[in-house]
Amino acid sequence: MEPDFLSMTSGEWRSWMEQAGEKPFRGDIVFRHLHQRHAVSYDEMTDLGKALREKLSKECPLNYPRIETVQRAEDGTAKFLLRLYDGKAVECVLMKYKFGYSLCISSQAGCRMGCRFCASTLGGLERSLTAGEMAAEVYTVERSENLNISHIVIMGCGEPFDNYDALLRFLELIHDEKGRNLSKRNITVSTCGLPNRIRQFADEGTGVSLAISLHAPNDEIRKKIMRVAEGVPMEKLMDAVRYYQEKTSDRVTFEYILIDGINDSDDNARELAERLKGMLAHVNVIPVNPVEECGFARPSEARIRRFMAVLEEKGVNVTRRREMGKNIDAACGQLRARAGKKLDH
Ligand code: SAH
C-alpha cells in the first residue's frame with residue numbers, strides 16, 4: 001500500500017512539519033490547501049517556500065484518483081467512475097437537489113457483504129479505501145465540476161462499517177474547520193447492519209446520520225436476500241439500533257428496497273410496521289434497481305403505492321427515494337461492475 005498523505009489529519013501535518021524542522025503552522029497551510037482548496041500538487045501551494053514544496057513533493061506523493069468516465073442524466077445526476085492509483089475502480093454519484101449538491105461516495109472497491117440484489121458485491125471485496133481516498137472522491141468531483149457539495153451519503157460501493165477506522169478518520173478530515181468543514185449533520189452513513197459497529201458508532205458520538213439497509217420485515221425474507229442476515233438475527237440488529245437511538249436521540253432511517261414477490265406484500269408491510277413500533281424511525285422505500293446478474297424485478301407502481309399506504313396507515317413515517325439517473329446505471333456498483341467486465345474481456 002502506498003503511503004497516503006491525504007489521510008493525514010491537520011494535527012498530523014503539524015507534527016510532520018515539526019519533525020521536518022519547520023514551524024507547525026505550515027502543517028495547517030498544507031492541510032488547508034489539500035482539504036479546502038483541493039490542491040492536487042504541492043506546486044499549487046505558493047505560500048510555502050520552494051524548498052519545502054520540493055521536499056513535500058518528494059516525500060509525500062499525492063495519489064489522486066483519475067476520472068475515467070462521467071455519465072450524465074437529464075435530471076442533473078452524474079455518475080463518476082474513478083480509477084485509483086493501483087488500478088482499482090470505485091464510483092460516486094452526484095445528485096442535484098433543491099438544497100444543494102449531494103454526493104454518494106464509496107467506502108470500498110467491491111464489497112464482501114454479499115447482498116443478492118447488489119452489483120457491488122459481484123466480484124467480492126478488492127480492498128478498502130483509505131480515509132484520504134474517500135475524501136478524494138469528494139474533492140475530485142468538486143474540483144472537476146466546479147461546485148460545492150453540501151451533503152455526503154456513504155452509500156456507494158462497499159460497507160462503511162467493514163472499513164471502520166478509515167470511516168472515522170474520513171469524518172474527522174472532512175469535518176475539520178481548517179479544511180473542508182462539512183457539517184456532520186449533512187453526512188449519512190448507510191450500513192447493512194453490523195450490530196457491534198452500530199453500538200460502537202453510537203458511543204463514538206460522531207453526530208452524523210445513520211441509515212440501516214433493512215429490506216425485509218423478518219429473518220426468513222432477509223436471509224433470502226442478504227447474506228449478513230445469516231449471522232445477525234433481526235432482533236439483535238434492532239437492539240443495536242435501539243441502543244443507538246438511546247445514546248444519540250437521533251431518528252434512524254431504514255432503507256427498504258421493494259422486490260417483486262419477495263418483500264412487497266401487504267402482510268410484509270404490516271409486519272414491518274409492527275417491528276418498528278415505538279422506534280423513532282423513518283422508512284425510505286426504494287424500488288429495486290434490477291441488476292442483470294441478480295434476477296430481481298421491481299414491483300408494479302400500484303404495488304409500491306399500496307405497500308407505502310399500508311405502512312402509513314400503521315403510523316410509520318415513510319418516503320420514497322427519488323430515483324435518479326436510472327438510465328446511467330446509477331444503482332450501486334453497476335458502472336464499476338460493467339467497467340470490470342469490459343476489462344476482463
Ligand atoms: N453497504 C452499505 C452501503 C452501500 S449500499 C449498506 O448496505 O447500506 C447502499 C444502498 O443501496 C443500500 O441500502 C443497498 O441495499 C442499496 N442497493 C444495493 N443494490 C441495490 C439495487 N440493485 N437496487 C436498489 N438499491 C440497492
Side-chain angles (χ1 to χ4, degrees), residues 113-118 121 153 155 159 161 188-195 197-199 202 209-291 294-324 326 331-332:
M113 295 296 124
C115 297
R116 304 218 157 84
F117 44 80
C118 181
T121 210
V153 292
M155 291 192 190
E159 166 52 44
F161 281 175
T188 302
V189 175
S190 177
T191 176
C192 65
L194 308 178
R197 289 303 194 196
I198 292 171
R199 286 170 188 272
S209 307
L210 184 66
I212 307 284
S213 296
L214 194 62
H215 304 332
N218 59 45
D219 282 320
E220 196 194 334
I221 297 177
R222 203 161 190 261
K223 276 187 202 164
K224 278 192 199 151
I225 53 177
M226 298 178 79
R227 206 173 59 209
V228 66
E230 284 161 24
V232 180
M234 224 152 130
E235 245 343 277
K236 199 169 166 200
L237 170 57
M238 290 313 210
D239 277 346
V241 175
R242 277 188 281 269
Y243 178 82
Y244 182 90
Q245 291 202 309
E246 266 164 38
K247 274 260 162 170
T248 64
S249 314
D250 237 20
R251 187 178 80 160
V252 167
T253 298
F254 288 99
E255 291 154 282
Y256 195 100
I257 56 171
L258 279 176
I259 310 176
D260 187 36
I262 302 273
N263 64 356
D264 62 341
S265 71
D266 285 12
D267 276 350
N268 296 155
R270 279 190 281 268
E271 193 178 355
L272 177 64
E274 203 52 43
R275 274 267 171 211
L276 302 181
K277 225 178 197 163
M279 290 178 98
L280 190 60
H282 162 245
V283 174
N284 198 210
V285 164
I286 317 148
V288 71
N289 212 322
V291 173
C294 306
F296 291 121
R298 77 188 256 148
S300 69
E301 266 314 296
R303 180 91 302 273
I304 295 167
R305 278 202 292 272
R306 174 75 191 141
F307 187 91
M308 292 178 69
V310 173
L311 285 180
E312 266 166 7
E313 273 165 30
K314 297 269 171 202
V316 176
N317 200 327
V318 53
T319 50
R320 178 167 173 176
R321 165 95 53 88
R322 200 175 125 200
E323 288 174 86
M324 304 172 98
K326 255 202 313 199
C332 215

**Item:** I286 side chain near L258 side chain, heavy-atom distance below 4.5 Å
**Value:** no

**Prompt:** Between L237 and L214, is any pair of side-chain heavy atoms under 4.5 Å apart?
**Reply:** yes

**Message:** The criterion is side-chain hydrogen bond (donor to acceptor under 3.5 Å, both in side chains); which residues satisfy it with D239, sequence neighbours excluded?
**Reply:** R242

**Request:** Return the minimal non-hydrogen interatomic distance between P217 and L272, and the atom names on each side.
**Result:** CB-N, 3.7 Å

**Request:** Could you tell me which residues satisfy salt bridge (charged side-chain N to carboxylate O under 4.0 Å, His left out) with E301, sequence neighbours excluded, listed by chain and number?
**Result:** R298, R305, R320

**Message:** Strictly by side-chain hydrogen bond (donor to acceptor under 3.5 Å, both in side chains), give each pair with a member in residues 219-229 just once, sequence neighbours left out.
**Reply:** none

**Message:** According to ring-ring contact (aromatic ring centres under 6.0 Å, His included), who are the partners of Y256, at least two apart in sequence or on a separate chain?
**Reply:** F307

**Counterpart residues, side chain to side chain contact (heavy atoms under 4.5 Å, CB included), relative to T121 (two or more places apart)** = C111

**Prompt:** Got V252 and L280 here, is their nearest side-chain heavy-atom distance under 4.5 Å?
**Reply:** no

**Asked** ring pair (Phe, Tyr, Trp, His ring centres under 6.0 Å): which pairs involve residues 266-285, sequence neighbours left out?
**Response** none

**Prompt:** Given I257 and N289, is the side-chain contact (heavy atoms from CB on, under 4.5 Å) satisfied, shown in steps?
**Reply:** CA-CA 9 Å; I257 56 171; N289 212 322; over 6 Å; no

**Asked** How close do K247 and A202 get, heavy atom to heavy atom, and via which atoms?
**Response** CB-CB, 4.0 Å

**Request:** List for me each residue that meets salt bridge (charged side-chain N to carboxylate O under 4.0 Å, His left out) alongside E312, sequence neighbours excluded, and say none if there are none.
**Result:** none

**Prompt:** What are the two closest non-hydrogen atoms of V232 and P195, and how far apart are they?
**Reply:** CG1-CG, 3.5 Å

**Request:** Scan for ring pair (Phe, Tyr, Trp, His ring centres under 6.0 Å) pairs involving residues 262-281, sequence neighbours excluded, and state none if there are none.
**Result:** none

**Request:** Can you sort out the partners of L194 under side chain to side chain contact (heavy atoms under 4.5 Å, CB included), two or more places apart, ordered by chain and number?
**Result:** M113, E159, F161, T191, C192, R197, V228

**Asked** Under the side chain to side chain contact (heavy atoms under 4.5 Å, CB included) test, which residues partner A211, sequence neighbours left out?
**Response** M155, T188, S190, T253, E255

**Request:** Could you name each residue pair satisfying side-chain hydrogen bond (donor to acceptor under 3.5 Å, both in side chains) that touches residues 263-279, not counting sequence neighbours?
**Result:** N218-E271, E235-R275, S265-N268, D266-R303, D266-R306, D267-R270

**Item:** Euclidean distance, N284 CG relative to N317 CG, rounded to 0.5 Å
**Value:** 10.5 Å

**Prompt:** About how many Å separate OG of S249 and OH of Y244, when rounded to the nearest 0.5 Å?
**Reply:** 10.5 Å

**Prompt:** Do you know which two heavy atoms are closest between I198 and G193, and how far apart they sit?
**Reply:** CD1-CA, 4.1 Å

**Request:** Please confirm whether F254 and H215 have ring centers closer than 6.0 angstrom.
**Result:** no

**Message:** My understanding is that only residues two or more places apart in sequence, or in another chain, count here; which of them pass side-chain hydrogen bond (donor to acceptor under 3.5 Å, both in side chains) with D250?
**Reply:** R185

